[in-house]
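Data first, discussion second: the structure below is written as structure tokens.
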Amino acid sequence: MATRHEDRYKFGPLPLDGVAPGTNLLLAGPTLGGTRELLLRLLLGDDGVVIITADSNARKTLSAFEQVGGSVDTERVRVVSCTRESDDDLGPFVSAVGSPGDLTGIGIEYSSQYEQVYARGYDSVRTGIYTLTPLLVYSEDVRPVFRFINTVTSRIRTADGLGICAIDPSAHEEQVVNSIAQPFDGRIDVREHDGAVELRVQGLPDQPSEWTPLPALE
Amino acid sequence: MPTLVCADPDEETRAETVRALETADFVVRSVASVADVAAALDASVGCVVTTATLRDGDGFDLVSAVRERYPDCPCVFFTAEAPSELPRGGRGQVVEYVPQSVPHARDRLVEVVTAATQRLTQPAYPVPKAEAERLAALETYDLDSLSALDTFDRLTALMTSHFDIDVAFVGLVDAHEERFVACEGANWRTLSREDTICTHTILTDEVMLVEDVREDPRFVGVDRLEELDIRSYAGARITDDEGNALGAVCCIHGEPRTYSRAERDDLRRFADEVEEQLALRKRLGSE
């Protein structure tokens, strides 16, 4: 049986304090403004990692993860690819769903990969979804997206994991983003300003609430 | 502990799963087919656990049967098949999944089921952060006696003539449904929460406006709104003295419609009146 984790999830040189196990964060920023890089940097550490990618295939996603300093240790790093781009057969640590519209398939593959990582002894797991925007765009009815997000964030909360889900707020009406934000414990806004990527946090105590620049990659 | 339904045609595997769930103090109804699940379902069922293949259909047929009657009921696939071997589910059939192949699989199942029965984990709508407190506050009201009150009937009748709209209602949003305690212009009693606009209205203290349901991405896919001829909506949240959102006072029209600043202020005043009446009833009930 799982035990309650004591350790907070920490974020290395990023200007963020650690967060409690079971935390879900919405990462709101433009597609081309450093949001993806920040999401991948938030997944760094020695924990299990499951990435759901909806904007580029698994190989490109893993390459980007390595570029920010991640290690593709297939014992603990897993990918669920739901792009329409073809995915090479990289092995069982990658699942290909084939469409961001197949929310049921994405949910099942995600749970399966989560369980595989957990079974290897990684009882702290960081989940990254990049991004929710295609999932919403492919859905004429937004209700299955709510069901998907509630299901995934509930699993992360129950399993003492960490969830980081990106969304491009400029691609959706404000009310939609506000409704999507409900199951998340906090929101990290991302922007590019004077050539630098900055973040600010809403909804979580002891985090920078003013725009704060990100340190460059080492 | 809540009641569960466990569906698996293999008696031996099912008995083992049921035993694990019963050891965790759940009451388990054990079935082998989609038809059996339909018979075993009632409002006391907090979660359905199913394998991928049943005697008369697959696990997703079962999910459809469950959610047709109880849209919020969490469903968990607990199967020996790998994801690639599972039947394909429809878009709205997102479920939890625990593979039987992982070590201590039944322990993992118990953890997932326990979480699913403790709070809403698979609803198809946004849930307010203080949902438990909100529901506890709502339980302090006698909804049946509120429905019998003439006050709300008079108020909603006044609203339809004031705003020149088709329907006005006072709705309270409980755990799974919106209950209409007064409704002028239509005979609505309850609506599943995932089909309501009010479940979004209770998230905000501003008057919620949907000038044209067909143009709003949150509601354009909700067929039930079309069936009820709900084309435009304005709603003001009702809260109690502690700020718990109980429901909304709403204007409905069969055509797209805008609301001026003055009209939105008037709607807010109607909602204030309902809040005062609710507070009064609560005080009278506690004396």
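A, B, ... follow the sequence lines: proteins, then strands. Residue 1 opens every chain.
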| field | chain B neighbours within residues 101-113 of chain A, where any heavy atom lies under 4.5 Å away | value | A/Gly101, A/Asp102, A/Leu103, A/Thr104, A/Ile108, A/Glu109, A/Ser111, A/Ser112
Please flag which part of [X] lies under 4.5 Å from any non-hydrogen atom of chain A: side chain, backbone, both or neither.
X: B/Phe60; value: side chain
X: B/Val95; value: both
X: B/Arg67; value: side chain
X: B/Leu120; value: backbone

Do [X] and [Y] have side-chain heavy atoms sitting under 4.5 Å apart?
X: A/Thr151; Y: B/Glu96; value: yes
X: B/Pro217; Y: A/His172; value: no
X: A/Tyr118; Y: B/Arg108; value: yes

| A/Thr153 versus chain B, heavy atoms under 4.5 Å apart: side chain, backbone, both or neither? | neither
| With only heavy atoms counted, which part of A/Glu173 is less than 4.5 Å from chain B, the side chain, the backbone, both or neither? | side chain
| Any idea which heavy atoms bring A/Ser179 and B/Pro126 closest together, and the distance? | O-CB, 3.5 Å
| note | For A/Phe146 and B/Tyr125, the nearest pair of non-hydrogen atoms, with its separation, is CB-N, 3.5 Å
| query | Where do B/Leu203 and A/Gln175 land on the side-chain contact (heavy atoms from CB on, under 4.5 Å) test, with the steps shown first? | reply | CA-CA 10 Å; B/Leu203 301 174; A/Gln175 300 97 316; over 6 Å; no
| remark: Of B/Pro123, B/Pro83, B/Ser84, the largest count of non-hydrogen pairs under 4.5 angstrom with chain A goes to B/Pro123
| With chain B, which of A/Arg143, A/Glu115, A/Arg155, A/Glu140 has the greatest number of heavy-atom pairs at distances under 4.5 Å? | A/Arg143
